[in-house]
Colleague: 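Once you've had a glance at the structure underneath, I'll fire off some questions.
Start at 1 and go down the list; that is how both ligands and their atoms are numbered.
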Amino acid sequence: RPRVLSGIQPTAGSFHLGNYLGAVRQWVALQESHDAFYMVVDLHAITVPQDPKELRANTRLAAAQLLAAGLDPERCTLFVQSHVPEHAQLAWVMNCLTGFGEASRMTQFKDKSAKQGADRASVGLFTYPILQVADILLYQANQVPVGEDQRQHVELTRDLAERFNHRYGPTFTVPAPYILKETAKIYDLQDPTVKMSKSASTPKGLINLLDEPKTTAKKVKSAVTDTDTVIRYDAENKPGVSNLLTILSVLTGTSIPDLERAYEGKMYGALKTDLAEVMVDFVTPFKNRTQEYLDDPETLDSILAKGAEKARSVAAETLAQTYEKVGFLPAK
Ligand code: TYM
């Protein structure tokens with residue numbers, strides 16, 4: 001079985017529709033066919049200031065949402081990044097293999113640090129992609145299921161894996177991004193030219209999976225479209241309508257051409273009403289299942305403890321090989 005690894009940040013509280021359609025949905029599917037490792041990346045979370053209590057609560061909340069979305073601890077390894085100390089340890093080795101200029105070219109740092117003011121951004125935010133490299137290489141992952149915004153980090157991972165293998169001999173699997181074209185980038189409902197993200201300029205454009213279902217329906221119905229009237233997929237000229245068609249297509253398993261045919265002669269309002277209903281039917285049980293996991297923290301924590309144990313056994317082996325290759329004296 002080929003191996004997949006991916007991660008999600010716990011910082012926003014609720015996952016948003018982009019997280020789900022771009023990544024988590026694929027994670028659920030891949031646990032059937034792959035040896036799958038999925039984690040809540042709390043080490044990545046502290047690259048920007050976090051309230052400790054909130055971080056702890058959000059880490060549990062993220063795990064609960066992953067289970068509610070369909071991850072099955074019998075079929076995949078679900079864990080919290082900080083429970084596996086090898087992530088930070090391998091990250092150091094990777095830091096020393098990365099060029100300063102190379103790290104400077106990571107566009108997410110540019111975007112995120114611009115928001116905070118470059119001088120205030122932490123060094124951790126700067127080296128964030130290198131920690132992600134360590135995450136992936138520790139598990140010798142073949143594929144990394146993510147959204148489009150993570151492609152550059154997977155490319156960096158490939159470069160560093162090849163560099164290490166070239167310098168010290170074959171050690172790491174060179175991973176490939178696993179990015180589905182249809183859902184690689186879900187757009188903001190109010191500004192369909194930018195990706196949906198927790199830092200959206202208006203909350204109306206962001207579908208949080210844990211919002212009240214009524215709020216979700218309202219957001220869908222007030223999505224920005226265009227002044228044309230035809231319901232047709234055209235990402236360039238009709239980004240709003242195309243985004244709604246993408247979401248409806250994935251959630252109902254109906255192809256876009258079939259949807260276009262079904263909505264021939266109909267108004268945008270009809271598309272929005274149907275999508276609002278589909279969304280409500282999706283988020284209502286999701287929200288309930290998440291709450292059930294939160295109500296039973298002991299079960300949740302024991303799932304995470306088992307996950308960490310499985311993850312550590314793989315991570316420790318890779319780290320030991322790496323230390324040996326680098327020339328560290330074994331501790332006897
Ligand atoms: P994060 O927490 O920002 O996002 C989690 C996943 O959601 C995807 N995503 C989207 N996909 C489509 N459309 C959108 N609008 C959208 N917004 C977010 C992201 O691409 C991501 O797959 N650095 C990572 C976490 C990470 C990781 C890793 C991922 C840490 N280590 C190792 C893979 C492998 C991040 O911040 O994702």
Colleague: For ligand 1, note which part of S6 has a heavy atom under 4.0 Å away: side chain, backbone, both or neither.
Modeller: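 The part of S6 near ligand 1 is both the backbone and the side chain.
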Colleague: Is the closest N or O pair between Q132 and ligand 1 shorter than 3.5 Å?
Modeller: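 Between Q132 and ligand 1, an N or O pair is found under 3.5 Å apart.
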Colleague: Give the numbers and elements of all ligand 1 atoms closer than 4.0 Å to a heavy atom of G22.
Modeller: 11 (N), 12 (C)
Colleague: Starting from atom 17 (N) of ligand 1, what is the nearest protein heavy atom, named by residue and atom, and what distance separates them?
Modeller: H16 CE1, 3.4 Å
Colleague: May I ask you to say whether R56 pairs ionically with D42, meaning some side-chain N is under 4.0 Å from a carboxylate O?
Modeller: no
Colleague: Which atoms of ligand 1 sit under 4.0 Å from any heavy atom of I8?
Modeller: 2 (O), 5 (C)
Colleague: Within ligand 1, which atoms have a heavy atom of L5 less than 4.0 Å away?
Modeller: 32 (C), 34 (C)
Colleague: Going by the order shown, which atoms of ligand 1 are within less than 4.0 Å of some heavy atom of V146?
Modeller: 22 (O), 29 (C), 33 (C)
Colleague: Report the part of A184 (side chain from C-beta onward, or backbone N, CA, C, O) that has a heavy atom under 4.0 Å from ligand 1; answer both or neither where that applies.
Modeller: backbone
Colleague: Check each heavy atom of H44 against ligand 1 and say whether those closer than 4.0 Å belong to the side chain, the backbone, both or neither.
Modeller: side chain
Colleague: Can you confirm whether or not the ring centre of F37 sits under 6.0 Å from the ring centre of Y139?
Modeller: yes
Colleague: Among all protein non-hydrogen atoms, which one is nearest to atom 18 (C) of ligand 1, and what is the separation to 0.1 Å?
Modeller: N19 ND2, 3.4 Å
Colleague: If only side-chain N and O atoms count, and only distance matters, is there a donor-acceptor pair under 3.5 Å linking N288 with E292?
Modeller: no
Colleague: Note the single closest protein heavy atom to atom 6 (C) of ligand 1, along with its residue, its atom name and the distance in Å.
Modeller: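 Nearest protein contact, heavy atoms only, for atom 6 (C) of ligand 1 is A23 CB, 3.6 Å.
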Colleague: Classify the ring geometry of F328 against Y323: parallel below 30°, tilted from 30° to 60°, perpendicular beyond 60°.
Modeller: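 Perpendicular: the ring planes of F328 and Y323 meet at over 60°.
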Colleague: Just to be sure I read this right, does ligand 1 sit under 4.0 Å from the backbone of T183, its side chain, both, or neither, counting only heavy atoms?
Modeller: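 The backbone, only.
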Colleague: Atoms of ligand 1 less than 4.0 Å from V41 heavy atoms?
Modeller: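 So the answer, numbered in order with elements, is 30 (C), 31 (N).
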Colleague: Which atoms of ligand 1 have any heavy atom of Q9 under 4.0 Å away?
Modeller: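 The atoms of ligand 1 under 4.0 Å from a heavy atom of Q9 are 2 (O), 36 (O).
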Colleague: Using a strict threshold of under 4.0 Å (side-chain N to carboxylate O), is an ion pair present between R60 and D301?
Modeller: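 Salt bridge present between D301 and R60.
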Colleague: Could you check whether atom CD of E155 has more than 12 heavy atoms from other residues, nucleotides or ligands sitting under 6.0 Å from it?
Modeller: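 Counting other residues, nucleotides and ligands, CD of E155 exceeds 12 neighbours.
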Colleague: For atom 10 (C) of ligand 1, what is the closest protein heavy atom, and at what distance to 0.1 Å?
Modeller: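 The closest one turns out to be G18 O, 3.3 Å.
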Colleague: Is a side-chain donor-acceptor pair under 3.5 Å present for Q132 with H153?
Modeller: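 Judged by distance alone, the side chains do pair up.
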Colleague: Under 4.0 Å from a heavy atom of M196: give me the atoms of ligand 1 that qualify, with their elements.
Modeller: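 Answer for ligand 1: 14 (C), 15 (N), 17 (N).
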Colleague: I need the nearest protein heavy-atom contact for atom 25 (C) of ligand 1: residue, atom name and distance, please.
Modeller: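 Protein heavy atom at minimum distance: G7 O, 3.5 Å.
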Colleague: Are a donor atom and an acceptor atom from the side chains of Q31 and D72 found within less than 3.5 Å of each other?
Modeller: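 Looking only at side-chain atoms, D72 and Q31 do not form any donor-acceptor pair under 3.5 Å.
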Colleague: Nearest to atom 37 (O) of ligand 1, what protein heavy atom do you find, and at what distance?
Modeller: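 Its nearest protein heavy-atom neighbour is Q150 NE2, 3.8 Å.
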Colleague: Nearest protein heavy atom to atom 31 (N) of ligand 1, by residue and atom, and its distance?
Modeller: D135 OD2, 2.6 Å
Colleague: Any carboxylate oxygen within less than 4.0 angstrom of a Lys/Arg side-chain nitrogen, looking at D51 and K53?
Modeller: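 Salt bridge: no.
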Colleague: With a cut-off of 4.0 Å, which atoms of ligand 1 are near a heavy atom of Y128?
Modeller: 23 (N), 24 (C), 35 (C), 36 (O)
Colleague: Under a 4.0 Å heavy-atom limit, does I186 contact ligand 1 with its side chain, its backbone, both, or neither?
Modeller: both
Colleague: Report the C-alpha distance between Y178 and L30 in whole Å, list the side-chain angles of each, state the deciding distance to 0.1 Å, and finish with yes or no for side-chain contact (heavy atoms from CB on, under 4.5 Å).
Modeller: CA-CA 10 Å; Y178 179 95; L30 288 165; 3.9 Å; yes
Colleague: Could you tell me whether K185 approaches ligand 1 through its side chain, its backbone, both or neither, with non-hydrogen atoms closer than 4.0 Å?
Modeller: backbone
Colleague: Taking only Lys NZ, Arg NE, NH1 and NH2, and the carboxylate oxygens of Asp or Glu, determine whether K195 and E148 approach each other closer than 4.0 Å.
Modeller: no
Colleague: Around atom 19 (C) of ligand 1, find the nearest protein heavy atom and jot down its residue, atom name and distance.
Modeller: D149 OD1, 3.3 Å
Colleague: For F126 together with F100, are the ring centres under 6.0 Å from each other?
Modeller: yes
Colleague: Based purely on interatomic distance, does G147 place a nitrogen or oxygen under 3.5 Å from a nitrogen or oxygen of ligand 1?
Modeller: yes
Colleague: Of all the heavy-atom pairs spanning A103 and I130, show the shortest one and how long it is.
Modeller: CB-CD1, 4.4 Å
Colleague: State which residue, out of T229, T273, D226, fulfils the side chain to side chain donor-acceptor pair (under 3.5 Å) condition with Y268.
Modeller: D226
Colleague: Between F79 and Y38, does the ring centroid distance fall short of 6.0 Å?
Modeller: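 No, ring centres 6.0 Å or more apart.
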Colleague: Side chain or backbone of V144 under 4.0 Å from ligand 1, or both, or neither, by non-hydrogen atoms?
Modeller: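 Just the side chain.
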